[in-house]
Amino acid sequence: MYKDLDPLLHSQLRLAIVSMLISSDKVEFTHIKEETKAAAGNISIQIKKLQEAEYIKVEKIFKNNYPKTLLSITDKGVKAFESYVNDLRKYIDPLK
């Protein structure tokens, strides 16, 4: 009846990152840092895990000689997020 929740997305910080990416084309690393209030090192670790799972893409660019890290969600990441949300709904209301 209950399906295991995706452990990759069940982490609070990784879920926050993916949630931001679901509703945006690209999100800057600095925006994630501001919104989550997490340490840059911790965010980097979580981004690497999401990238290794192919849930997100990381793009590094320079703008006015400053490095920027842009993140976007992949099709695999969208499907994983939708599945996670649907599985969570089953926990909340198992009769639906």
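The shown structure was predicted, so the numbers you read here are calculated from the model rather than taken from an experiment.
- Side-chain atoms of Arg14 come within 3.5 Å of backbone N or O of Leu8 as a donor-acceptor pair.
- Separation of atoms CG (Leu9) and CG (Leu50) is listed at 7.0 Å; rounding is to 0.5 Å.
- Contact detail for Ala38 and Lys33: the closest heavy-atom pair is O-CG, 3.7 Å.
- With hydrogens and angles ignored, the 3.5 Å screen pairs no side-chain donor or acceptor of Asn64 with any backbone N or O of Tyr66.
- Residues that satisfy the side chain to side chain donor-acceptor pair (under 3.5 Å) test with Thr36, not counting sequence neighbours, are absent from this structure.
- Every residue two or more places apart in sequence or in another chain was checked for a ring-ring contact (aromatic ring centres under 6.0 Å, His included) with His31, and none qualifies.
- To the nearest 0.5 Å, atoms NZ (Lys63) and NZ (Lys68) are separated by 5.5 Å.
- Listed by chain and residue number, Lys26, Lys57 satisfy the side chain to side chain contact (heavy atoms under 4.5 Å, CB included) test with Ser72 (two or more places apart in sequence, or in another chain).
- Note on Val85 and Met20: same hydrophobic cluster, where clusters join Ile, Leu, Val, Met, Phe, Trp and Tyr whose side-chain heavy atoms are under 4.5 Å apart, directly or indirectly.
- How far CG of Asp87 is from NE2 of His10: 11.0 Å, rounded to the nearest 0.5 Å.
- In the model, Asp6 has a side-chain atom that pairs as donor or acceptor with a side-chain atom of Tyr55 under 3.5 Å.
- Asn86 pairs by the side chain to side chain donor-acceptor pair (under 3.5 Å) definition with Arg89, not counting sequence neighbours.
- With rounding to the nearest 0.5 Å, the separation of CD1 in Ile43 from NZ in Lys37 is 10.5 Å.
- Glu59 places none of its side-chain heavy atoms less than 4.5 Å from the side chain of Thr69.
- Formation of a donor-acceptor pair under 3.5 Å by the Lys76 side chain with backbone atoms of Ala53 is found in this model.
- A distance of 12.0 Å separates CD of Glu35 from OG of Ser19, quoted to the nearest 0.5 Å.
- Across all their heavy atoms, Gln46 and Ser11 have their closest contact at OE1-OG, 4.3 Å.
- Looking only at distances, no side-chain donor or acceptor of Ser83 sits under 3.5 Å from a matching main-chain atom of Lys79.
- Between Tyr91 and Leu5 the shortest side-chain heavy-atom distance falls below 4.5 Å.
- Side-chain atoms of Thr74 come within 3.5 Å of backbone N or O of Gly77 as a donor-acceptor pair.
- Hydrophobic clustering, with ILVMFWY side chains joined whenever heavy atoms are under 4.5 angstrom apart, groups Ile22 together with Ile32.
- With contacts defined as side-chain heavy-atom distances shorter than 4.5 Å, the pair Phe81/Leu15 qualifies.
- The CG atom of Leu13 sits 8.0 Å away from atom CD1 of Ile47, with the distance rounded to the nearest 0.5 Å.
- Partners of Phe29 according to the ring-ring contact (aromatic ring centres under 6.0 Å, His included) rule, which considers only residues two or more places apart in sequence or in another chain, do not exist here.
- The hydrophobic cluster around Leu70 extends to Ile61, counting ILVMFWY residues whose side-chain heavy atoms fall within less than 4.5 Å of a member.
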